[in-house]
Amino acid sequence: MTPPPISMLAELTHRCPLQCPYCSNPLELERAHGELDTATWLRVLDEAAALGVLQVHFSGGEPTLRRDLPVLIAGAARAGLYTNLITAGVLLDETKVQALAEAGLDHLQLSIQDSEAASADRFAGSREAHAKKLAVARMVGAAGLPLTLNAVVHRQNLHHLPAIIELALELGASRLEVAHVQYHGWALRNRAALLPRREQIDEATRTVQAARARLKGRLVIDYVVPDYYATYPKTCMGGWGQQTLNVTPSGKVLPCHAAETITGLAFESVTQRSLADIWAHSGAFQRYRGTAWMAEPCRSCARREVDWGGCRCQAFALAGQADITDPACSLSPLHARLVGLAEEEAAAEPPAFAYRRPSRPRLGTGLAD
Ligand code: SF4
Ligand code: FES
């Protein structure tokens, strides 16, 4: 029997007031009229708890655009789920933060784009976003909610990492997630504008290590590195269909937030089938679950149940095939080309951003281009 997932990402909406070029949402964004209604989300939350899910992460887009968010949080809390809200924060005020806390929210994760307002607002594609976020961070603390600050870092803001760490301390965050951009969706489209040089990553790693030692007991720092320059790929999602599932705004159930970029997979919907059935039996979940799908070099590799062959979406995005070793792995025959491409892009002048907007720009950053 398939063990149950630990967590569920509930993408309530793709609507968002910001336009970050590193968003991992799909290029083809879902519109408001296709979103699940409140009753269906409440049923899905109950089904998730019955299936064995422990944590629900409310996300988007911007989940605070959903007026029923406090109702959904209360529903999740009633079902016994740990609730985390992943938000850009710019639409919150004291009353709304208080309502979320009263609904039973356990934790809030606030994104910031940089330590400085001018560049942060440029990355967000929105004026005054940074100032609003700082104000919201303080409201979250005042409401007694634990706060994680999530800073997505890339070639254009990595030099501010020490200041970002100071900002997290100043805002009273208990945790800082320093997340290098993961190249899916809009981030892949903007990779040349975002991908750091190897030396930048090494410097950031040293900064994080020093800060972790200095701030032990005051601030936990999570660090998510890009694996283009690594020896082995990341263990994406803890393995395909093994630990997490993702429900899109319209109700499709995916093994990860980027799974729809893999063509040829059919994703079932909570409007048609129960979450438990989809988790256990849907073809898309079974396709890359475990190790049976693997070819060499993964098939005979000692790490095949450590990183599960890396990221399926990255393999598809870079090589047009999801059933091969992630090219981020140094054992992949495509790895040298990937590193060459990454070094070339990172050394060139960054191009202008393609901001996240509901249109359909061409995706063209793979090894096949
Ligand atoms: Fe992981 Fe496959 Fe690379 Fe081995 S060959 S390290 S299993 S991606
Ligand atoms: Fe889809 Fe890694 S993001 S498997």
Side-chain angles (χ1 to χ4, degrees), residues 5-9 11 14 22-28 57 59 86 152 177 179-191 194-195 224-248 252-268 278-279 282-339 363 365-367:
I6 297 165
S7 67
M8 177 171 89
L9 187 73
E11 285 185 336
H14 277 165
Y22 51 68
C23 183
S24 63
N25 279 164
L27 298 181
E28 207 171 312
H57 303 276
S59 166
I86 300 172
V152 176
E177 210 173 271
H180 280 277
V181 173
Q182 304 293 314
Y183 294 98
H184 304 292
W186 291 86
L188 183 64
R189 171 77 179 78
N190 282 293
R191 188 178 62 195
L194 297 165
L195 190 69
V224 183
V225 292
D227 54 7
Y228 278 31
Y229 300 122
T231 308
Y232 299 119
K234 61 181 179 286
T235 307
C236 198
M237 304 293 137
W240 178 276
Q242 301 200 57
Q243 296 192 1
T244 67
L245 49 76
N246 180 37
V247 182
T248 72
K252 276 182 271 179
V253 186
L254 317 177
C256 70
H257 56 283
E260 282 182 290
T261 58
I262 302 175
T263 53
L265 290 179
F267 298 103
E268 298 187 71
I278 295 174
W279 174 257
S282 110
F285 275 82
Q286 306 221 41
R287 182 71 186 81
Y288 304 114
R289 185 177 266 153
T291 56
W293 60 272
M294 289 178 178
E296 294 297 345
C298 292
R299 180 179 294 167
S300 56
C301 179
R303 288 179 55 87
R304 66 185 178 278
E305 292 190 7
V306 177
D307 60 38
W308 303 99
C311 176
R312 296 308 84 228
C313 300
Q314 185 155 278
F316 187 84
L318 294 173
Q321 264 182 281
D323 58 354
I324 57 167
T325 299
D326 184 342
C329 177
S330 58
L331 302 174
S332 158
L334 296 173
H335 185 68
R337 275 177 66 202
L338 175 66
V339 174
L363 182 65
T365 42
L367 297 173

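Read the numbers this way: they start at 1 and go in the same order the structure lists the ligands and their atoms. Heavy-atom basis, side chains included; hydrogens, waters and symmetry copies ignored.
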Could you tell me whether the side chain of [X] and the main chain of [Y] form a donor-acceptor pair under 3.5 Å?
X      : Y      : value
Ser7   : Thr244 : no
Trp293 : Arg287 : no
Arg312 : Ile324 : yes
Trp240 : Ala284 : yes
Arg304 : Cys301 : yes
Gln182 : His180 : yes

With a cut-off of 4.0 Å, which atoms of ligand 2 are near a heavy atom of [X]?
X      : value
His184 : 3 (S)
Cys256 : 1 (Fe), 3 (S), 4 (S)
Cys311 : 2 (Fe), 3 (S), 4 (S)

Original post:
Which count of protein N, O or S atoms is obtained for distances strictly below 2.8 Å from atom 4 (Fe) of ligand 1?
Top reply: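 Considering protein N, O and S only, atom 4 (Fe) of ligand 1 has 1 within range.
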
Subject >> Arg312 heavy atom under 4.0 Å from ligand 2 >> reply: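 Per 4.0 Å heavy-atom rule, Arg312 contacts ligand 2.
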
Subject >> Audit row: His14, Thr248, side chain to side chain contact (heavy atoms under 4.5 Å, CB included) steps and yes/no >> reply: CA-CA 9 Å; His14 277 165; Thr248 72; 5.5 Å; no

Original post:
Does Thr231 have any side chain to side chain donor-acceptor pair (under 3.5 Å) partners at least two apart in sequence or in another chain, and if so, which?
Top reply: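 None.
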
Original post:
Counting heavy atoms only, which of Ala315, Gly241, Cys236 comes nearest to atom 2 (Fe) of ligand 2?
Top reply: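 Ranked by closest heavy atom to atom 2 (Fe) of ligand 2, first place is Cys236.
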
Original post:
What is the distance from atom CG of Asp326 to atom SG of Cys298, rounded to the nearest 0.5 Å?
Top reply: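 Result: 8.5 Å between the selected atoms.
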
Subject >> Atoms of ligand 1 close to Pro233 [distance to a heavy atom under 4.0 angstrom, numbered from 1] >> reply: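 Heavy-atom distances to Pro233 below 4.0 Å select 8 (S).
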
